Protein chains: 2
Amino acid sequence: MAKNSGSPTLAPAREGKTDKKSARTRVRILDAAAQVLSAKGYAGMRLSDVAEVAELQAPAIYYYFPSRDDLIEEVMWVGLAEMREYLTSALAAAPADATAMERILIGVETHLRHELEISDYTTAAIRNAGQLPDQIRERHDAEEKKYGAVWRDLFKAAHASGELRDDLDPYLAQMLVMGTINWAAEWWQPSRATIDRVVANAQSFVENALSPTK
Amino acid sequence: MAKNSGSPTLAPAREGKTDKKSARTRVRILDAAAQVLSAKGYAGMRLSDVAEVAELQAPAIYYYFPSRDDLIEEVMWVGLAEMREYLTSALAAAPADATAMERILIGVETHLRHELEISDYTTAAIRNAGQLPDQIRERHDAEEKKYGAVWRDLFKAAHASGELRDDLDPYLAQMLVMGTINWAAEWWQPSRATIDRVVANAQSFVENALSPTK
DNA sequence: ACATTCTTTTAATCTACATTAAACAGCGAT
DNA sequence: ATCGCTGTTTAATGTAGATTAAAAGAATGT
């Protein structure tokens, strides 16, 4: 059930630390929190569980995070923020003459790969987005809006260039695509299909879902 | 935020009661629980919150449900079970010569309409499916499997009759479609689009996503 | 009016965490 | 070998919230 490979390298931006030794512990706690948060939910995430997964004692967490809520806030934020970084840099790397649809398919791939690799962060974010106390929710909502905006532009462009079937509302089309790819974190298991296969199927699915029939 | 219109008429099957007066209170509690469960999650659902929404005192809940977990189990179950009933009866009502794709689109419509109408039950089920204690999870998983099986048959049929593009894996295609429609409960708001519009867009989206390009 | 069964309320319990306090261990520099 | 800092542990503390007990309050039939 533990699915966190990568390093949420973004996180420590706030602190001025570029250390290595204890910074690793911090990440270990963050990963553990993502895992437990995803499995038990906002209210169900016990610090003792996080501690167990991170292999230390609960109060040690307070050395790195001022409170349980701060820890949760960071988990909720990391997945999304990283996701947006990946997406924007992937789009930036695309050839300048890429069509809107090609860009959307890049988005599908980037989103899926990142989502499935750090799925604890993703499912934590998905399942708990609605359950957060207002204070925590703010930062998360802001980040989510930023991420959504990137996608919105892609769909606007596709609509403008006639790459979107005209019986589809661009906003609804975007939401339907987001569902297609977000939901993957809920069902995907390495044993059922490789990430490559999922990506290929999703791209084909989305492209045909959106494109006008010639 | 309160979105429960219909009557989870299925529920009292277990008890031998066909009453009216207090049965209404029971439903009120169930609806309230769905709402709170969807908003706060399994661990975050306080009986006092449920009580407040249902407009009674917390201990009164114990008159109708043996424990918090039993209440939750029933909420998790009702949405799914009703959904399957709707789906199977809608499919049964379809003309005998309906194509596999037509049946899938019936499924899309049925699922979306039911989901968006009783969305508290749906989002509760979606968000908490992974967070339940094993005991509760069982019944839910069983029901989920039954529901998934209905869909699986639809996709098998579509695959067999060549109505599914052959670069799509039937299993993955099913999951992608489920994502498209399940996710709607997370973003849909009556203010953004009517249910009819959502249904129409989703059907068009799914049909083109799946159908071979002639 | 009264007994009986349903329904709901207020007043105790009891336990599981988050958080805080206090103490301990490693370790580099002096 | 001792000081001071970083990181971690064990031992309190406090509170929220599920559950249970006991007591009212309706409703219904007689």
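Below, each value reflects all heavy atoms present in this structure, side chains not excepted, and no hydrogens, waters or symmetry copies. All values derive from a computational prediction rather than experimental measurement. Every chain is numbered from 1 and lettered A, B, ... according to where its sequence line falls, protein lines coming before strand lines.
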Tell me whether the rings of B:Y147 and B:W151 are parallel (<30°), tilted (30 to 60°) or perpendicular (>60°). perpendicular
Considering only C:dT7, D:dT9, C:dT9, which nucleotide approaches the side chain of B:L56 most closely? C:dT9
Could you check which of D:dT9, D:dT19, C:dT9 has an atom nearest any side-chain atom of B:R68? D:dT19
Excluding sequence neighbours, so at least two apart, what forms side chain to side chain contact (heavy atoms under 4.5 Å, CB included) with B:A54? B:R28, B:I29, B:A32, B:L56
Using the side chain to side chain contact (heavy atoms under 4.5 Å, CB included) criterion, which residues pair with B:H114? Sequence neighbours excluded. B:E82, B:M83, B:Y86, B:I118
NE2 of B:H159: more than 12 outside heavy atoms within 6.0 angstrom? no
Closest approach of [X] and [Y], non-hydrogen atoms and distance?
X      : Y      : answer
B:R46  : B:K40  : NH2-NZ, 4.1 Å
B:T123 : B:D120 : OG1-O, 3.4 Å
B:S204 : A:L168 : OG-CD2, 3.9 Å
B:L164 : B:P170 : CD2-CA, 3.9 Å

For nucleotides 21-24 of chain C, tabulate all protein N/O to nucleotide N/O atom pairs closer than 3.5 Å, reporting atom names and distance.
none

Check this for me, if you would: do A:R113 and A:E117 make a salt bridge, where the nitrogen-to-carboxylate-oxygen distance has to be below 4.0 angstrom? no
Send over the distance from [X] [atom1] to [N] [atom2], rounded to a whole Å.
X     : N      : atom1 : atom2 : value
B:L71 : D:dA18 : CG    : P     : 11 Å
A:Q57 : D:dT9  : CD    : C1'   : 7 Å
B:D70 : D:dA18 : CG    : C1'   : 13 Å
A:I61 : C:dC17 : CD1   : P     : 14 Å
B:I29 : C:dT8  : CD1   : C1'   : 10 Å
B:F65 : D:dA18 : CZ    : C1'   : 16 Å

Estimated bend of the helix from C:dA1-D:dT30 to C:dT30-D:dA1 (axis per five terminal pairs, rounded to 10 degrees): 0°
Is a donor from one side chain sitting under 3.5 angstrom from an acceptor on the other, for B:D70 and B:S67? yes
Residues within residues 42-55 of chain A bordering DNA chain D, heavy-atom distance below 4.0 Å: none
Test of understanding: with side chain to side chain donor-acceptor pair (under 3.5 Å), list the residues that count as partners of A:N182, not counting sequence neighbours. A:H111
Would you please confirm or rule out a distance under 4.0 Å between OP1 or OP2 of D:dG7 and any side-chain N or O of A:Y63? yes
Looking at D:dG7, I'd like to know if its phosphate oxygens (OP1 or OP2) sit under 4.0 Å from a side-chain N or O belonging to A:Y62. no
